[in-house]
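FYI, the numbering just counts along the sequence from 1.
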Amino acid sequence: MGHTATEQAGSGGLTATEHRLANGLRVVLSEDPLTPVAAVCLWYDVGSRHEVKGRTGLAHLFEHLMFQGSAQVKGNGHFELVQGAGGSLNGTTSFERTNYFETMPAHELELALWLEADRMGSLLTALDDESMENQRDVVKNERRQRYDNVPYGTAFERLTAMAYPEGHPYHHTPIGSMADLDAASLEDARAFFRTYYAPNNAVLSIVGDIDPGQTLAWVEKYFGSIPSHDGKRPPRDGTLPEIIGGELREVVQEEVPSRALMAAYRLPHDGTREADAADLALTVLGGGESSRLYNRLVRRDRSAVAAGFGLLRLAGAPSLGWLDVKTSGGVEVPAIESAIDEELARFAAEGPTPEEMERAQAQLEREWLDRLATVSGRADELCRFAVLFGDPQLALTAVQRVLEITPQEVQAVAQARLRPDNRAVLVYEPTEPAETADEAADDAADNDEEEAAR
């Protein structure tokens with residue numbers, strides 16, 4: 001078992017050590033005796049960007065299948081054992097990774113490690129048609145509840161498809177399509193597991209009131225015998241031009257509470273100074289109630305009830321600057337759009353004020369501190385930087401890189417990227433509810449009858 005340990009300057013006293021098992025599993029430990037709990041976080045380097053056309057949604061489907069039992073743990077046993085021990089757990093899927101995590105009382109750490117190792121090493125022995133059909137239905141219902149049957153639910157899916165062209169690995173979102181979910185076979189799922197759910201394609205982080213020596217011994221005991229797998233293909237190239245080259249626009253007429261203007265701007269890859277500068281720019285422009293867009297649209301003009309602008313950081317493709325504005329009353333979208341373009345042009349011409357720069361950096365620093373303040377948040381950040389950037393230590397010093405960004409860099413990224421020819425725009429126009437439309441038709445018919453009688 002190899003071992004490295006580093007304490008980075010600017011890490012606030014936090015430390016992490018990295019180890020590697022013979023089968024390739026990377027293990028990151030961060031000891032924190034202040035709370036009697038331990039967080040276990042396991043990131044697999046697989047997300048929707050690894051999927052192929054016709055089989056979208058497999059990464060997310062597999063996140064659910066991982067809770068359906070393994071060789072030693074049947075059915076919902078994973079949930080029952082963790083919650084019965086006083087812990088909490090979940091899993092999530094994104095474009096670039098799938099993660100699983102538990103937070104346990106410190107004395108129950110061994111149980112969490114055993115559970116994660118059992119499903120990494122033996123899930124295929126329990127994966128059958130029954131569990132496949134069960135979780136296929138669960139995921140399809142999740143899609144209905146979160147995307148298809150809620151106001152503005154498909155906005156993220158629509159804008160992603162516009163911002164990333166057909167054939168791009170980020171063109172589709174992790175939820176997948178109904179047709180592809182129906183088409184996925186049991187053998188598809190088994191092949192997906194064999195390819196991506198291997199120790200040499202994962203990072204395990206453990207944070208909290210732990211004994212490092214004992215923890216490593218448990219990791220070696222439970223994970224060490226799981227064989228590696230070398231069949232993984234690298235994700236498809238996500239490179240795109242810096243600028244879209246022309247505004248893309250779609251108008252959606254749906255039963256929504258109010259008109260909405262949403263837009264996605266193509267921004268620099270995560271892990272670069274330019275991405276940190278873009279994060280600061282969007283924080284000044286739309287990060288909370290002190291931001292320029294909120295002050296202009298909500299407070300001053302009263303043309304919107306909500307206005308936000310944030311960064312979706314992506315490492316394998318251009319990041320997205322996500323603009324979301326909900327109009328107030330009968331305000332038309334062109335009026336909102338004109339005000340936004342005016343504010344973006346002014347910001348590109350003048351840059352942030354010293355006060356705005358200080359406030360934005362303080363806001364991002366607070367968010368960084370919030371993530372590292374909990375054992376679960378720190379475990380997740382350590383995994384993120386290990387998987388996406390190759391070095392978990394970067395998680396402990398990320399805020400220093402944000403604080404080093406200059407106002408000139410923020411202004412430069414705004415000038416280069418926050419332009420009308422570099423965005424995909426989605427406009428929502430409300431339609432009348434079906435009942436209201438029927439009532440209006442009935443009223444019109446009644447009026448016609450009365451007019452004819454006269």
Side-chain angles (χ1 to χ4, degrees), residues 151-152 154-156 158-160 162-163 242-254 256-268 274-275 277-313 318-353 355-357 359-360 363-364 407 410-430:
Y152 317 109
T154 59
F156 181 63
R158 291 173 185 271
L159 275 176
T160 299
M162 293 166 68
E242 291 186 354
I243 301 298
I244 293 175
E247 183 182 86
L248 307 174
R249 182 175 291 261
E250 181 180 345
V251 177
V252 179
Q253 293 187 327
E254 284 187 2
V256 292
S258 66
R259 292 186 178 93
L261 172 68
M262 302 181 191
Y265 290 77
R266 192 177 288 177
L267 294 176
E274 291 80 9
D279 206 351
L280 287 166
L282 300 193
T283 302
V284 172
L285 288 165
E289 296 184 4
S290 64
S291 67
R292 290 195 181 194
L293 291 178
Y294 191 93
N295 277 320
R296 169 70 184 270
L297 300 173
V298 180
R299 285 205 172 101
R300 197 193 89 178
D301 296 353
R302 297 186 179 180
S303 58
V305 295
F309 208 177
L311 182 64
L312 173 62
R313 288 178 175 263
S319 301
L320 288 183
W322 188 270
L323 175 68
D324 187 350
V325 179
K326 305 295 192 307
T327 69
S328 60
V331 176
E332 300 283 346
V333 167
I336 292 282
E337 195 164 4
S338 176
I340 290 170
D341 285 342
E342 184 180 313
E343 290 298 323
L344 294 186
R346 185 164 67 90
F347 186 76
E350 301 172 359
T353 66
E355 293 77 12
E356 287 175 328
M357 193 72 183
R359 185 166 58 243
Q363 187 171 329
L364 295 185
V410 174
Q411 182 180 7
V413 78
Q415 290 174 341
R417 302 296 190 102
L418 300 182
R419 302 163 18 183
D421 64 346
N422 187 38
R423 67 187 177 197
V425 177
L426 191 62
V427 175
Y428 277 89
E429 290 287 347

Open item on the list: Just verifying a value: how many Å separate Leu248 CG and Leu159 CG, rounded to the nearest 0.5 Å?
Closed with: 10.0 Å
Task: Donor-acceptor pair, side chain of Ser328 and main chain of Ser303, under 3.5 angstrom - done: yes
Task: Glu429 and Val333, any side-chain heavy atoms less than 4.5 Å apart - done: yes
TODO: Evaluate the side-chain proximity of Arg259 to Val331: yes if any heavy-atom separation is below 4.5 Å, no if none is.
DONE: no
Task: Interatomic spacing from CZ in Arg423 to CG in Leu418 - rounded to 0.5 Å - done: 10.0 Å
- [ ] Return the minimal non-hydrogen interatomic distance between Glu247 and Pro420, and the atom names on each side.
- [x] CB-O, 3.2 Å
- [ ] Would you indicate whether the side-chain heavy atoms of Glu342 and Arg296 approach each other to under 4.5 Å?
- [x] yes
Task: Heavy atoms from other residues, nucleotides or ligands near CZ of Arg299 exceed 12 (cutoff 6.0 Å) - done: yes
Task: Shortest non-hydrogen contact between Pro430 and Val256, atoms and distance - done: CB-O, 3.6 Å
TODO: Report the distance from atom CG of Leu297 to atom NZ of Lys326, rounding to the nearest 0.5 Å.
DONE: 13.0 Å
- [ ] Rounded to the nearest 0.5 Å, what's the gap from CG on Leu282 to CG on Leu312? Could you check?
- [x] 11.0 Å
Open item on the list: For the backbone of Pro334 and the side chain of Ser338, can you confirm whether one donor and one acceptor N or O come within less than 3.5 Å of each other?
Closed with: no
- [ ] Please work out whether the ring planes of Tyr152 and Tyr428 are parallel, tilted or perpendicular, with thresholds of 30° and 60°.
- [x] perpendicular
Task: Neighbour count >12 (heavy atoms, 6.0 Å) for atom CD, Glu242 - done: no
Open item on the list: For a side-chain contact (heavy atoms from CB on, under 4.5 Å) check, start with the C-alpha distance between Val298 and Glu289, then their side-chain angles and the critical distance, and finish with the verdict.
Closed with: CA-CA 9 Å; Val298 180; Glu289 296 184 4; over 6 Å; no
Task: Lys/Arg N to Asp/Glu carboxylate O, Glu274 vs Arg417, below 4.0 Å - done: no
TODO: Report yes or no: does Asn422 contribute a side-chain atom to a donor-acceptor pair with the main-chain N or O of Arg266 at less than 3.5 Å?
DONE: yes
Task: Exercise: identify the closest heavy-atom pair between Ser319 and Leu311 - done: CB-CD1, 3.8 Å
Open item on the list: Within the 4.5 Å heavy-atom criterion, are Met162 and Ile244 side-chain neighbours or not?
Closed with: no
Task: Side-chain heavy atoms of Thr327 within contact of Leu261, under 4.5 Å - done: no
Open item on the list: Would you say that Val284 contacts Arg292 through its side chain, given a criterion of any heavy-atom pair below 4.5 Å between the two side chains?
Closed with: yes
Task: Closest approach of Arg359 to Ser290 (non-hydrogen atoms, all atoms of both residues) - done: NE-OG, 3.4 Å
TODO: Measure across Ala278 and Leu267 and return the closest heavy-atom pair with its distance rounded to 0.1 Å.
DONE: CB-CD1, 4.3 Å
Open item on the list: I'd like to know if Glu343 and Arg300 make a salt bridge, using a cut-off of under 4.0 Å between side-chain N and carboxylate O.
Closed with: no
Task: Main-chain N/O of Ala348 paired to Gln415 side chain as donor or acceptor, under 3.5 Å - done: yes
- [ ] Supply the atom-to-atom distance Leu285 CG to Phe347 CZ, rounded to the nearest 0.5 angstrom.
- [x] 5.0 Å
TODO: Please check if the side chain of Ser291 supplies one atom and the backbone of Gly288 the other of a donor-acceptor pair under 3.5 Å.
DONE: yes
Task: Interatomic spacing from CG in Asp301 to CD1 in Ile336 - rounded to 0.5 Å - done: 7.5 Å
- [ ] Please tell me if the side chains of Leu280 and Pro352 come closer than 4.5 Å, counting only heavy atoms from C-beta onward.
- [x] no
